[in-house]
Number of protein chains: 2
Amino acid sequence: MMKKGSVTIKDIALELGISVSTVSRALADNPLVKPATRQAVKELAKKYNYRPNFTALSLRNNRTRTIGIIIPQLVHEFFSMVIRGIEDFAYSNGYNVIISSTHESYEREVIDTKALINGRVDGLLACVSKSTTNYDHFKEFAERNLPLVFFDCICDEIDSPKVVLDDFEAGYQATQHLVETGCTQIAYVGGPINLQINQDRFGGYKKALNEAGLALNESWIKHCETGDYDDGSESVRDMVAARSIDGLFAGTDMLAIGAIKTMKKAGLQIPKDVAVVGFSNWSIGTIYEPSLTTMSQPGYEMGQKAAELLIQQIDNPDKKLTDTFTLHSELIQRESTQR
Amino acid sequence: MMKKGSVTIKDIALELGISVSTVSRALADNPLVKPATRQAVKELAKKYNYRPNFTALSLRNNRTRTIGIIIPQLVHEFFSMVIRGIEDFAYSNGYNVIISSTHESYEREVIDTKALINGRVDGLLACVSKSTTNYDHFKEFAERNLPLVFFDCICDEIDSPKVVLDDFEAGYQATQHLVETGCTQIAYVGGPINLQINQDRFGGYKKALNEAGLALNESWIKHCETGDYDDGSESVRDMVAARSIDGLFAGTDMLAIGAIKTMKKAGLQIPKDVAVVGFSNWSIGTIYEPSLTTMSQPGYEMGQKAAELLIQQIDNPDKKLTDTFTLHSELIQRESTQR
DNA sequence: TTGTAAGCGTTATCAA
DNA sequence: TTGATAACGCTTACAA
């Protein structure tokens, strides 16, 4: 039983001895209603704290004014900024938001996505999880002409608008910064290479090495499964033992910090012996010692843009958008590359 | 426009030349339906990927099978675990979840709460924000007999079930551990003292000092506005300058780490000169150097219990629950108190 | 075994 | 200026 105490327009109509349509019109400030009637209705509505039933409204209007978000993680500063950007844009355009966190699980992603196919939301913003390789659930969404926009980790197989970071450029900039810092033996440690974002960051790294005339050394390249702290500290063990590198580009800040911990333990000094650049500009990077040079990720802007594209599509279903919007990253210099 | 491509039972009925009620019954596996009919319906439903309209179902059943969560922050390891606990319990009981993050803003909390009063959710789980002092929005919720359960930061004025941590006990344990470590001049740095949780942690601190026969020194006590890193580093400046303390109980891990940074900068060694205990067991506490002794916060359990109480109330609206469930914290010893 | 019709709460169309 | 009615998609008495 949902709401015992809830008042409907029927109740108000009954008490006032008028019809529900008049009540409805009065509440909508329809100029046709007699001022006295309108006032009486509004007073009673206020007295009873009347609120229009959301479900009935949705059914009537065939729209929920709600957008869904499928996102792999919540405790993640970048995603959190994306969510804020989405929320701010959505709220100021009269939309609500439902967030589903998939915890990077494909199964959860499928369940959550399908749970939103049934008219619960007017459209969907999605960032695919690390473990996703099959996109049928998103295709089903798109096939029903439900507006869908991807952000960050996108699905290329589906023809919908996308908002991404130029990860290639960012990877290139990060590595180039290490080159400029004087590094000549630069390692790469990144997240799951099945993700396009990681392929791009890695691609930028290779391009920068290439341009600088530096050789690519396979033993200095690690693609980790998660991109977290433990992966980071594990990934550089061999390189550290071999004392072979003098620079490191890490695909996430947590990888960077994990790696730094291992290097510090082995007696290496950061940035003197090894300069390190992370990725994402997490706040821990300002707190950690040494503070971490990193690439910014404009999450708020990404969220705003994605929400804008989605709401555009919802409000204008005929004009199909399929563009990809690209945002850019900036280098944030801190101690870990200050020589 | 919500879903152009969406199929309704009407469409199926039309195509099969039968009535909607038969379709509805067939899909519900009603044994009255002739097997052949049932099969035909199911096949067509499958072919068209039919999904029952969520909104229509909600309106019909007067329940949404959705519970709302009002939570101050998302990027917060404790809250994130709470959410997981809630989600797991809710999902396995056939409920969905809507999360509203208030970003510790009272205004946002009011808006978000009121947006859920209108039949969008069958019940609400709430943790009040730091800036909230007026509880009318929650009262309105409760007055409509909408099930409501508070967790962590609760509202005493409202007669609904609550799930809390024994913050008093935890503050006591943390401080006692410092006493046992040999500290005699123990400072307290905590979050906003208008919150009950902080009053309790502070209360536990005072009790432990008292029992140990240690004096309370007003200049060693700071109630911060936010409880974040910057507050932490600011809060201990005077004490550090005076070289007056040898122990610190911080009400959050971020406060602890901010304080440690200031102390380290001033040349103090942790834990040798000052032993530090934090609160919440955030993962940064394992990464930071020195690793941080802290009090655990069983967020997952809290979320599960809160969801359980809420769903109990939803399924059984007559039996009013008003109990408070108390969970307990445990000391996690790490380097910052290892002498 | 199936169909008709009412109802969930709301708004819009038509009549009065 | 107001009221009766249909409709959104679904389920369920009640009838047939």
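Everything numeric here is computed off the predicted structure, so don't read it as measured data. Reminder, nothing fancy here: chain letters follow the sequence lines and each chain counts from 1.
Looking at residues two or more places apart in sequence or on another chain, you find no ring-ring contact (aromatic ring centres under 6.0 Å, His included) involving B/Tyr91. Taking the ring-ring contact (aromatic ring centres under 6.0 Å, His included) definition, one finds that A/Phe54 meets it with nothing, sequence neighbours left out.
Evaluated for a side chain to side chain donor-acceptor pair (under 3.5 Å) with A/Glu43, the options A/Lys47, A/Lys46, A/Gln39 yield exactly one hit, A/Gln39.
Counting to the nearest Å, the P atom of D/dT11 and the CZ atom of B/Arg63 are 15 Å from each other. Taking atom CG on B/Leu14 and atom P on C/dG3, their separation rounds to 12 Å, with Å as the unit. In this structure, CG of B/Asn53 is placed 18 Å from P of D/dA7, rounded to the nearest angstrom. One atom, CZ of B/Arg144, and another, P of C/dG9, lie 13 Å apart when rounded to the nearest Å. In this entry the distance linking CG of A/Asn62 with C1' of C/dA12 reads 15 Å, nearest Å. Rounded to an integer number of Å, the gap from CD1 of A/Ile9 to C1' of C/dC8 is 12 Å.
The residue among B/Gly17 and B/Arg60 whose nearest nucleotide of DNA chain C lies closer to the 5′ end is B/Gly17. Each of B/Ile18 and B/Ala56 has a nearest nucleotide on DNA chain C; the 5'-most of these lies closest to B/Ile18.
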Atom pairs and distances, donor-acceptor, side-chain atoms in residues 67-83 of chain A, under 3.5 Å, two or more places apart:
| from | atom 1 | to | atom 2 | distance (Å) |
| --- | --- | --- | --- | --- |
| A/Gln73 | NE2 | A/Glu104 | OE2 | 2.8 |
| A/His76 | ND1 | A/Phe78 | N | 3.4 |
| A/His76 | ND1 | A/Phe79 | N | 3.4 |
| A/Glu77 | OE1 | A/Ser283 | N | 2.9 |
| A/Glu77 | OE1 | A/Ser283 | OG | 3.4 |
| A/Glu77 | OE2 | A/Ser283 | N | 3.2 |
| A/Glu77 | OE2 | A/Ser283 | OG | 2.8 |

Residues 307-315 of chain B, side-chain donor-acceptor partners within the protein, below 3.5 Å, at least two apart:
| from | atom 1 | to | atom 2 | distance (Å) |
| --- | --- | --- | --- | --- |
| B/Glu308 | OE2 | B/Gln312 | NE2 | 3.4 |
| B/Asp315 | OD1 | B/Arg63 | NH2 | 3.3 |
| B/Asp315 | OD1 | B/Tyr95 | OH | 3.1 |

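Contact between the side-chain N/O atoms of B/Tyr50 and the OP1/OP2 oxygens of D/dG9 is not found at any separation under 4.0 Å.
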request  = Quick one: do B/Glu109 and B/Lys130 satisfy salt bridge (Lys or Arg N to Asp or Glu O under 4.0 Å)? Show the steps, please.
outcome  = CA-CA 11 Å; B/Glu109 186 180 283; B/Lys130 278 175 192 157; over 6 Å; no

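The C1' atoms of five pairs define one axis at each end of the helix from C/dT1-D/dA16 to C/dA16-D/dT1, and these two axes lie 60° apart (to 10°).
If you check the side chains of A/Thr66 and B/Arg120, you find a donor sitting under 3.5 Å from an acceptor. B/Ser19 and B/Thr22 are linked by a side-chain donor-acceptor pair at a separation below 3.5 angstrom, with hydrogens and angles left out of the test.
A cation-pi arrangement is not found for B/Lys162 relative to B/Phe150, the charged atom failing to lie both closer than 6.0 Å to the ring centre and inside a 45° cone about the ring normal.
Less than 4.0 Å separates DNA chain D from at least one heavy atom of each of the following residues of residues 19-44 of chain B: B/Ser21, B/Ser24, B/Arg25.
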